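Reading through the structure tokens given below for one structure.
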Amino acid sequence: MQSNFDWPVAEVLVGFSLLCFDFAHCLQNLNFKKGQRKLCKSGIGGWSSCSNFSASQRRRSASSRVTCCAPSSSSGKPHGGFVMEKEINGGSTVVDVDVNPHPHPEDQGVTPWCISVSSGYTLLRDPHFNKGLAFTEKERDAHYLRGLLPPTVISQETQVKKMIQHVRQYQVPLHKYMAMMDLQHNAHGMPILISQERNERLFYKLLVDYVEELLPVVYTPTVGEACQKYGSIFMQPQGLYISLKEKGRILEVLRNWPEKNIQVIVVTDGERILGLGDLGCQQGMGIPVGKLSLYSALGGVHPRACLPITIDVGTNNEKLLNDELYIGLKQKRATGQEYAELLHEFMTAVKQNYGEKILVQFEDFANHNAFDLLEKYRSTHLVFNDDIQGTASVVLAGLVAALKLVGGNLIDHRFLFLGAGEAGTGIAEIIALETSKRSNVPLEEVRKHIWLVDSKGLIESSRKESLQQFKRPWAHEHEPVKELVDAVNKIKPTVLIGTSGQGRTFTKEVIEAMASHNEKPIILSLSNPTSQSECTAEEAYTWSKGRAIYASGSPFSPVEYDGKVFVPGQSNNAYVFPGFGLGLIMSGTIRVHDDLLLAASEALASQVTQEDYDKGLIYPPFRNIRKISAHIAANVAAKAYELGLATHLPQPKDLVKFAESSMYTPDYRIYRSKVVFSGHASCFQRCVFLAMDSVVKKMSRIYAARGEYNTLT
Ligand SMILES: NC(=O)c1ccc[n+]([C@@H]2O[C@H](COP(=O)([O-])OP(=O)(O)OC[C@H]3O[C@@H](n4cnc5c(N)ncnc54)[C@H](O)[C@@H]3O)[C@@H](O)[C@H]2O)c1
């Protein structure tokens, strides 16, 4: 706190002592176990014992009422949080405080540890707190919901079942996507049994429970189509837009976002969305929104700690520029100094507003900016580029697992890439790093086992001068080669990886050439969405006569070849980034080091079981993703502690358990029945509460004036 600030000293002192008293009172009801705070089931202290005023008296007297929420979820499992509710003048306020061992920072620190929403009609329209028909009879009474909902009460599990039926009724994937987004963001046309309004916890519960079925809906490949049509689907903006118009005022723009305690930002400038190119401003927003949904569903990062941002520096997409309904800046993309200055202001403002430990994930930037941004900010900020680093970590895990099927060590293999951009060179570099570590062969030597082909042919020494910086390490001595198939025949790779964003480039000839040089060729067609995949699963298995070990970026169905069923794996960065982010957050890591990516790879590869190998899989099934994420988070955090990059001390003993207990779970919380102040004791408590409330309000105003917090009432 700044010492030169004009504090309302008397009020703060009185309020603080009352708060201390009150807090001590609350603590009596908390169980302390192994250093972790857990709430007892009885709610919070004396507040839960008395009820004499009638509702009308309460409203007339403008008294405060506190309603506590049980720490347990509706399913009976602990969720690591509780909710208190206070009501003033008949409009009620929900106060949410998570007390898990790794709390969302919103719940830590100084007095404003609460956020507020109203009850009644407004509560139904608050996606964070709405439960739709799952509000119990007691909650309906306590929160003025009577009559606002049909009489039936159903469980969250029933809502989930109903909702999945609702999604399944659509044949077109984009319609399924819209049904899911309706639940998360818009809620038009929801079946009445589920929710009449947006319901964030139901959205995440559905996604967690049916992850294998719904991942292709909310992520690749459907998200690609959604991005192309994002402008026409969504009427409501879902993230923060920062354009050239806001230059000089970015800090101010960040402060307009309603959530103050952000842990992860996913930011894009929309220039290279999936393999679809420049989709401009609004169309690009689908990706950060989708990625952050996965941070919460798969990695357990609190949804309210996630912030999607699109930076609008114009677009070079002529179609958008000529579209009168395009909502972004109608100008060609800013480049050079103008671009760099805007991005620098953004990065500075982010750190100023959210501190050192905010994770900034660069997403779908074109490669001419992506590498520079990562290089420029990796030593001053906690930055991560999923396309470069996340993909690399996932692919390395798949390759390490594949060694069990094909034999040998990494150093015994030769790798050929089609596509030498962010994904291709990022993967190449991590393979080289890991191979060098495992074999003790110098990095320079190891790199010679790795070859890349870009749109101009094989990257080799005669092209060195004209190559972009990030391609140069791969320009080995070789004669020029134009065609991929010729490169395969000359280099005889054991592993072929597609990262070109160009569909159907692994032709029959290419796959047959791979099969002619290898007993079990490893073929990864990573480009997204499905239309851009270098080859389909069916093509890979058929043309290699069932010998390929195959995985793809976008999912493919199992393939039957020669009486045998082949299940293609999905080599997608969704395996790593949610757990990786959780590991950074829970350990308070301040910089991303390459060894953390290797740690994530190692953890992912270790999750592949013999049963998976028997099916030819090199990745574990996605249905276990929360468990996988916890292992990745634990391994990443362990490495961060080892490297001295973690700041949350002391290091927890069991990091896997710690990761699991740190994860956001979307089970509903129970809003405990109302409590009314009456009699001597409750009057005193009421005074305490009002004083506390007044201090919180006052302080929130102060924070707002300083631009640090606002809207607490
Ligand atoms: N599976 C995953 O998890 C994952 C992760 C990241 C990226 N990807 C996909 O990988 C693809 C590439 O992504 P990126 O970030 O590397 O893009 P990028 O633009 O940085 O790189 C594309 C590369 O492909 C090359 N290329 C283009 N056309 C080619 C052609 N006809 N023949 C040979 N090379 C060609 C370009 O020269 C460039 O080197 C995209 O489709 C993306 O969706 C998948």
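All values derive from a computational prediction rather than experimental measurement. Order of appearance sets the numbers: ligands from 1, and atoms from 1 within every ligand.
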- Message: Any nitrogen or oxygen of Leu526 lying under 3.5 Å from a nitrogen or oxygen in ligand 1? Just yes or no.
- Response: yes
- Message: Testing the 3.5 Å rule here: is there a donor-acceptor pair between the side chains of Tyr550 and Ser525?
- Response: yes
- Message: Heavy-atom contact check, 4.0 Å cutoff: does Thr499 meet ligand 1?
- Response: yes
- Quick one: are Asp386 and Phe384 in side-chain contact, heavy atoms under 4.5 Å? yes
- Message: Under a 4.0 Å threshold between the charged nitrogen and the carboxylate oxygen, would Arg272 count as salt-bridged to Glu363?
- Response: no
- For ligand 1, does Arg272 get within less than 4.0 Å through its side chain, its backbone, both, or neither, judged by non-hydrogen atoms? side chain
- Of Glu534, Gln502, Gln570, the one whose closest heavy atom lies nearest atom 31 (N) of ligand 1 is Gln502
- So does Arg378 pair up with Asp594, basic N to acidic O under 4.0 Å? yes
- Heavy atoms from other residues, nucleotides or ligands near CD of Glu213 exceed 12 (cutoff 6.0 Å): yes
- What do we get for Pro529 next to ligand 1 when only non-hydrogen atoms under 4.0 Å count, side chain, backbone, both or neither? neither
- Geometric N/O contact Thr391 with ligand 1, under 3.5 angstrom: no
- Message: Check Glu434 with Lys437, please: is the shortest side-chain N to carboxylate O separation under 4.0 Å?
- Response: no
- Which of the atoms of ligand 1 are close to Gly553, meaning less than 4.0 Å from one of its heavy atoms? 1 (N)
- Side-chain donor-acceptor pair under 3.5 Å between Lys291 and Tyr219, yes or no? yes
- Could you list the atoms of ligand 1 found under 4.0 angstrom from a heavy atom of Ser571? 1 (N), 2 (C), 3 (O)
- Task: Considering the heavy atoms of Gly421, write down every atom of ligand 1 situated less than 4.0 Å from one of them.
- Result: 16 (O), 18 (P), 20 (O), 21 (O), 23 (C), 38 (C), 39 (O)
- ligand 1 to Asn367, heavy atom cutoff 4.0 Å, flagged ligand atoms 18 (P), 19 (O), 20 (O), 21 (O)
- Query: Would one find an N or O of Thr505, backbone or side chain, under 3.5 Å from an N or O of ligand 1?
  - Reply: no
- Determine, using heavy atoms of Gln532 and all atoms of ligand 1, whether some pair is separated by less than 4.0 Å. no
- Kindly assign one of parallel, tilted or perpendicular to the pair His413 and Phe415, based on the angle between their ring planes and the thresholds 30° and 60°. tilted
- Item | Atom indices of ligand 1 within 4.0 angstrom of Ser527 heavy atoms, with elements | 9 (C), 10 (O), 11 (C), 41 (O)
- Query: Charged N to carboxylate O under 4.0 angstrom, Glu477 versus Lys448?
  - Reply: no
- Message: Counting only heavy atoms, tell me which of Ser455, Gly498, Ser533 gets closest to atom 37 (O) of ligand 1.
- Response: Ser455
- Less than 3.5 Å between some nitrogen or oxygen of Leu418 and one of ligand 1, yes or no? no
- Can you establish whether the number of heavy atoms outside Glu512 located under 6.0 Å from its atom CD is more than 12? yes
- Query: Counting both backbone and side chain atoms, is some N or O of Asp387 under 3.5 Å from an N or O of ligand 1?
  - Reply: no
